[in-house]
Amino acid sequence: MSCTIIVGGFFGDEGKGKVVAHIAHADEPVIISRGGVGPNAGHTVKVGEKEYGVRMVPSGFVYPKAKLCIGSGVLVNPKVLEDEVNRLGVRGRVFVDKRCGIITEDHIARDKGNDYLSKKIGSTGSGCGPANADRVMRISPQAKDVPELKEYLMDVPKAIDDALKDGKEVLLEGTQGFGISLYYGTYPFVTSKDTSASQIAADNGVGPTKIDDVIVVFKAYPTRVGEGPFSTEMTSEKSDAMGIQEFGTVTHRKRRIGGWDGDMARYSAMINGCTQAAITGIDRVDPDCYGISDYGKLTKKAKDFLKTAEDDIGCPITLISTGPELTQIIDIRKEYQ
Ligand code: IMP
Ligand code: MG
């Protein structure tokens, strides 16, 4: 049996979706289950020329053989889920834990209409903060109370446990990133829940002793959307001149861009219990590395960067993404087993 958690090490949007999709094709899990806050998350996965954005369905959906589950810790917006299931053609493969919290129109109105959340914190306006508040107050509906979700309902922890007992592979995917954890991030400029690996395990009802690997994904040039401190942030003139421009999957806001933050990487790896790290965007460190899938072909500049990053993180870097497409990745995990 093997259960792997994949989480973001910086402020979200590290490219977890792509890393999850790659690992899924390589390791053939029977279940890919997501934790994290809810539809405030946006993952982009590019396969060939096609780009897919997802907010509710696990980003591992591009691997066709796995069941796609949403753990009980996650907030579900039934309409966003239904639209995605139709758009991606994944009906029959998607399962929602019966205890998931539900986002209503009222939660979205309260998120968007609240100046503290929408302006000061820069929330995504997807209703997650107010929905988690109602959940804590024990007045929120659960997935099992929503008739439209009936076809999706499942006991996700039980399905995961059965798969692990059967000797199968399971992937647990996190959303958001370490820096916007309610507990460990840059409070109050954070999301409405912890985002570390322990939380992702809890979101899926998987006890800590059942986790074999925690892969923390770091971006060579971290980004942040919304407000809050960002110690290595560069001016947008500088990042524009470097050809780095990104826009949010959910809100389409322009992302703030920063340089590598070794101190944050180390602290994040510590709290996440990192066993292996993934680095995305190495083609931004040296454009000559774009699309490479063989470690030996990386340039000296890229290898020097990876050495520094590995020393900072304190764990081996076993996955290196060299471009947005699914196959543009170097996977040296086997060398560390
Ligand atoms: P909320 O989670 O919508 O309340 O937003 C709170 C803060 O977290 C804002 O700064 C958002 O931009 C940020 N945030 C929430 N989810 C994500 C995500 O998936 N990626 C990046 N930032 C996020
Ligand atoms: Mg995102």
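Count residues from 1 along the sequence. Scope of the values below: all heavy atoms of this structure, side chains included, with no hydrogens, waters or symmetry mates. Each ligand, and each atom within it, is numbered from 1 in the order the structure gives.
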statement: Counting from 1 in the order shown, the ligand 1 atoms closer than 4.0 Å to a non-hydrogen atom of Ile180 are 8 (O), 13 (C), 14 (N), 15 (C), 17 (C), 22 (N), 23 (C)
- prompt: Mind checking whether the Mg ion (ligand 2) has an N, O or S of Lys16 under 2.8 Å?
  reply: no
message: Looking only at the side chains, is there a donor atom on one of Thr195 and Gln176 sitting less than 3.5 Å from an acceptor on the other?
response: no
field: Pair Asp263 + Arg266, salt bridge at N-O below 4.0 Å
entry: yes
field: Residue and atom name of the nearest protein heavy atom (relative to atom 3 (O) of ligand 1), distance in Å to one decimal
entry: Thr124 OG1, 2.6 Å
task: Using the six-membered ring wherever Trp is involved, compare the ring planes of Phe178 and Tyr184 and label them parallel, tilted or perpendicular (cut-offs 30° and 60°).
output: parallel
- prompt: Any N/O of Asn40 closer than 3.5 Å to an N/O of ligand 1?
  reply: yes
message: For the residue pair Asn204 / Arg34, report whether a side-chain donor-acceptor contact shorter than 3.5 Å exists.
response: no
- request: Just need the protein heavy atom nearest to atom 4 (O) of ligand 1, so name the residue and atom and give the distance.
  value: Ser123 CB, 3.4 Å
- prompt: If we only count N/O pairs under 3.5 Å, is Ser126 in contact with ligand 1?
  reply: no
Short side-chain donor-acceptor distance under 3.5 Å, Thr191 and Asn40: yes
query: Would you say the side-chain atoms of Arg55 and Thr124 include a donor-acceptor pair closer than 3.5 Å?
result: no
task: If you have a sec, work out which protein heavy atom is nearest atom 20 (N) of ligand 1 and how many Å separate them, to one decimal?
output: Asp13 OD2, 3.4 Å
field: Side chain, backbone, both or neither: Ala41 near ligand 1, heavy atoms under 4.0 Å
entry: both
query: What part of Arg253, side chain from CB on, backbone N/CA/C/O, both or neither, has a heavy atom under 4.0 Å from ligand 1?
result: side chain
query: Between Tyr152 and Glu82, do the side chains contain an N or O donor and an N or O acceptor separated by less than 3.5 Å?
result: yes
message: So, 4.0 Å and heavy atoms of Ile121: is ligand 1 close enough to count as a contact?
response: yes
message: For atom 18 (C) of ligand 1, tell me which residue out of Glu14, Gln176, Arg255 has the closest non-hydrogen atom.
response: Gln176
statement: re atom 6 (C) of ligand 1, the protein heavy-atom contact at minimum distance is Val190 O, 3.4 Å
message: Counting non-hydrogen protein atoms only, what is the nearest one to atom 2 (O) of ligand 1? Give residue, atom name and distance.
response: Thr191 OG1, 2.6 Å
- request: For the residue pair Thr280 and Lys18, confirm or rule out a side-chain donor-acceptor distance under 3.5 Å.
  value: no
- prompt: Between His25 and Tyr63, does the ring centre distance come in under 6.0 Å?
  reply: yes
message: Using a 3.5 Å cut-off on N or O atoms only, is Val225 in polar contact with ligand 1?
response: yes
query: When you check the side-chain N and O atoms of Ser196 and Ser181, is any donor under 3.5 Å from an acceptor?
result: no
The Mg ion (ligand 2) to Asp13: nearest N/O/S atom name: OD1
query: How far is atom 9 (C) of ligand 1 from its nearest protein heavy atom, and which residue and atom is that?
result: Gly122 O, 3.1 Å
- request: Consider only side-chain N and O atoms of Asp13 and Thr223, and report whether a donor and an acceptor are under 3.5 Å apart.
  value: no
Distance filter under 4.0 Å to Phe11 heavy atoms, resulting ligand 1 atoms: 21 (C), 22 (N)
